[in-house]
Amino acid sequence: MVETDDRLQGEQDRPRELPARIDIPDIRGEMVYLRPATQQDLEKMDAIDAYVNASGLTGKDRVAERAAVHAWVLRSEAWANGTDAGSGIDDPEQRRTIAWSLMTAPDDCESETVDAQSATEFLGMIFLIDIDGWARSARIQVILGKDYRGRGYSRDAMPRVMTYGFAEPPEGLGLHRIWVAVPEKNTRSYSVYQSLGFVPSGVSRHALWDNRLGKYQDLNVLDTLDDEFDPVRAMDAFGMHVITSNPGMEKALSQHEHTLAIRKQQLLAESGAVMEPDAQGDTTDKAGIGERMRSDSERIAQDAVESENTWPYNSAERNTSKKAWWRTLGHDRMKRRAHTDADDQ
């Protein structure tokens, strides 16, 4: 209760206004490299057909989605330049936005690392939008080109951006809540968001109009809080690795290890590792037995912690090379599409 009171007092003392200017950091993933988006990238979004099937992915039609992306990039640049940014706590129409361009290394690139030099292929954009300084809340959204969907890029980028969002200033934004909105028919994204640690928090009934199907559809809302989100576990679940040079990641890794240690102690206590003397108080040979039981209990507890942390891929299955499982996602589909296009010509 004391910790809760202290936390609430800390929240009350926290400043709510966002800075007038922000330095948007580059963020590195295993498949992707994130750099601040610019207006020059907007034409690239058109070139990769980023707005195809927008109504099924985000609930907007193609024209509205394109207009929103243009506005988000302009707001992001304005905040980075410290111009017309507002306070971030008043008019919802003036809430801040951060836009990153998602880049990757081309398939023929020989570099094993995706970085600023090797990542020359444009995939799409990722955003923190509706950044509300008063409530310390923001919405995250990814928009990828038509041929880059379903290849694991969102799973790589989202937890790293969220770690930055939750990190305390000046390293991050100091957010309390990050949320996503998913049209009801986009079941694939819904599952991905749950795997990243988002939990369902509500449904806006008939919030969207599906012009293609000629009917309304619900909008599902999922969110996660700063004391719930574990980026290490979110990335580890899909064989992704922690990159400690990214903003907020060192502290997140420390918190993750602390949480694992607490969980291990809880499992040890539940397994009954401590030996009790018998009715006669005889402890002869019990020390050896107790030591073996403690060893078994520690092994069981460690196995339980690791199984919770690494599902569905364990450490032996991870691969840092460019042949890792997530680097081949969607490649066969793209090859088949290329062959089909060639046959049609």
Kindly determine whether Ile262 and His258 satisfy side chain to side chain contact (heavy atoms under 4.5 Å, CB included), including the steps that lead there. CA-CA 6 Å; Ile262 293 175; His258 178 67; 3.3 Å; yes
Ser254 (side chain) donor-acceptor with Lys251 (main chain) under 3.5 angstrom: no
Check: Asn186 side chain, Val182 main-chain N or O, donor-acceptor pair, under 3.5 Å: no
Taking only Lys NZ, Arg NE, NH1 and NH2, and the carboxylate oxygens of Asp or Glu, determine whether Asp132 and Arg177 approach each other closer than 4.0 Å. no
So how far is it from Asp223 CG to His176 NE2, rounded to the nearest 0.5 Å? 9.0 Å
I want to check something: taking the side chain as every heavy atom from C-beta on, are Tyr164 and Trp100 in contact at a cut-off of under 4.5 Å? yes
Step by step, would you call Asp226 with Leu175 a side chain to side chain contact (heavy atoms under 4.5 Å, CB included)? CA-CA 7 Å; Asp226 57 347; Leu175 297 176; over 6 Å; no
Donor-acceptor contact present, side-chain Asn246 to main-chain Met249, <3.5 Å: no
Answer yes or no: is there a side-chain heavy-atom contact under 4.5 Å between Met162 and Thr224? yes
Go through the steps for Thr244 and Leu253 under the test side chain to side chain contact (heavy atoms under 4.5 Å, CB included), then give the verdict. CA-CA 8 Å; Thr244 55; Leu253 180 60; 4.1 Å; yes
Do Thr83 and Glu77 make a side-chain contact, defined as non-hydrogen atoms from C-beta onward lying under 4.5 Å apart? no
Which atom names give the shortest non-hydrogen contact between Ile27 and Arg160, and what distance separates them? CG2-CB, 3.7 Å
Do you reckon Leu74 sits in the same ILVMFWY cluster as Met125, going by side-chain contacts under 4.5 Å, direct or chained? no
Just grab all the salt bridge (Lys or Arg N to Asp or Glu O under 4.0 Å) pairs involving residues 40-54, residues at least two apart or on different chains. Arg35-Asp41, Asp41-Lys44, Asp46-Arg66, Asp49-Arg62, Asp49-Lys146
Give me the one residue out of Tyr33, Tyr153, Tyr148 that meets side chain to side chain contact (heavy atoms under 4.5 Å, CB included) with Thr104. Tyr153
On a heavy-atom basis, the closest approach of Met235 and Pro159 is CG-CG, 3.6 Å
So CD1 of Ile126 and OG of Ser101: to nearest 0.5 Å the spacing works out to 11.0 Å
Does either side chain, that of His241 or that of Glu30, offer a donor lying less than 3.5 Å from an acceptor on the other one? yes
Least distance between heavy atoms, Glu121 atom then Pro106 atom: OE1-CA, 3.4 Å
So, taking the atom named CZ in Arg151 and the one named CG in Leu123, what distance separates them when rounded to the nearest 0.5 Å? 8.0 Å
What closest approach, in Å, do Val114 and Ala105 show between heavy atoms, and which atom pair accounts for it? CG1-N, 4.2 Å
Test item: Thr97 side-chain N/O and Ile129 main-chain N/O as donor-acceptor pair under 3.5 Å: no
Test side chain to side chain contact (heavy atoms under 4.5 Å, CB included) on Ile48 and Asp147; report intermediate values, then the result. CA-CA 8 Å; Ile48 62 174; Asp147 292 333; over 6 Å; no
For salt bridge (charged side-chain N to carboxylate O under 4.0 Å, His left out), just list the numbers for Glu184 and Arg205, CA-CA rounded to whole Å, side-chain angles, deciding distance to a tenth of an Å, and then say yes or no. CA-CA 10 Å; Glu184 63 174 317; Arg205 298 185 302 152; over 6 Å; no
Spatial distance of atom CG (Asp227) from atom CD (Gln255) [nearest 0.5 Å]: 9.5 Å
d(Leu34 CG, Ile24 CD1) to nearest 0.5 Å is 11.0 Å
Is there a donor-acceptor pair under 3.5 Å between the side chain of Thr113 and the backbone N or O of Asp115? no
Parallel, tilted or perpendicular: ring planes of Tyr216 versus Trp209, cut at 30 and 60 degrees: perpendicular
Considering only heavy atoms from C-beta outward, does the side chain of Pro19 approach that of Trp79 to under 4.5 Å? yes
Hey, are the side chains of Val203 and Val221 touching, using non-hydrogen atoms and a 4.5 Å cut-off? no
Heavy-atom nearest pair, Ser195 first then Val192, reads OG-O, 2.5 Å
Check for me, please, whether Val180 and Trp72 land in the same ILVMFWY cluster - side-chain distances under 4.5 Å, paths through other members count. yes
So for atom CD, which belongs to Glu250, do other residues, nucleotides or ligands contribute more than 12 heavy atoms lying within a distance under 6.0 Å? no
Is any side-chain heavy atom of Phe127 less than 4.5 Å from a side-chain heavy atom of Val161? no
Would a 4.5 Å heavy-atom cut-off, applied to side chains only, mark Met158 and Val142 as touching? yes
Under a 3.5 Å distance rule, please check whether Arg136 uses its side chain to pair with a backbone N or O of Arg16 as donor and acceptor. no
Hey, quick one: are Tyr190 and Leu208 part of the same hydrophobic cluster, counting side-chain heavy atoms closer than 4.5 Å, chains of contacts allowed? no
Going by heavy atoms in the side chains, are Leu222 and Val199 under 4.5 Å from each other? no
If only atom types and distance count, is the side chain of Asp230 paired as donor or acceptor with the main-chain N or O of Val232 below 3.5 Å? yes
Under a 4.0 Å threshold between the charged nitrogen and the carboxylate oxygen, would Asp130 count as salt-bridged to Arg139? yes
Ignoring hydrogens and angles, tell me if any N or O in the side chain of Arg149 forms a donor-acceptor pair with the backbone of Ala50 under 3.5 Å. yes
Does Ile140 share a hydrophobic cluster with Trp179, counting links as ILVMFWY side-chain heavy atoms below 4.5 Å and allowing steps through other members? no
Answer yes if Leu225 and Phe198 sit in the same cluster of Ile, Leu, Val, Met, Phe, Trp and Tyr residues linked by side chain heavy atoms under 4.5 Å apart, and no otherwise. no
Taking Glu171 for the side chain and Gly248 for the main chain, is one N or O donor matched with an acceptor at less than 3.5 Å? yes
Taking every non-hydrogen atom, the tightest pair across Pro247 and Thr163: O-CG2, 3.8 Å
Measure the spacing between CG of Leu219 and NE2 of His206 and express it to the nearest 0.5 Å. 12.0 Å
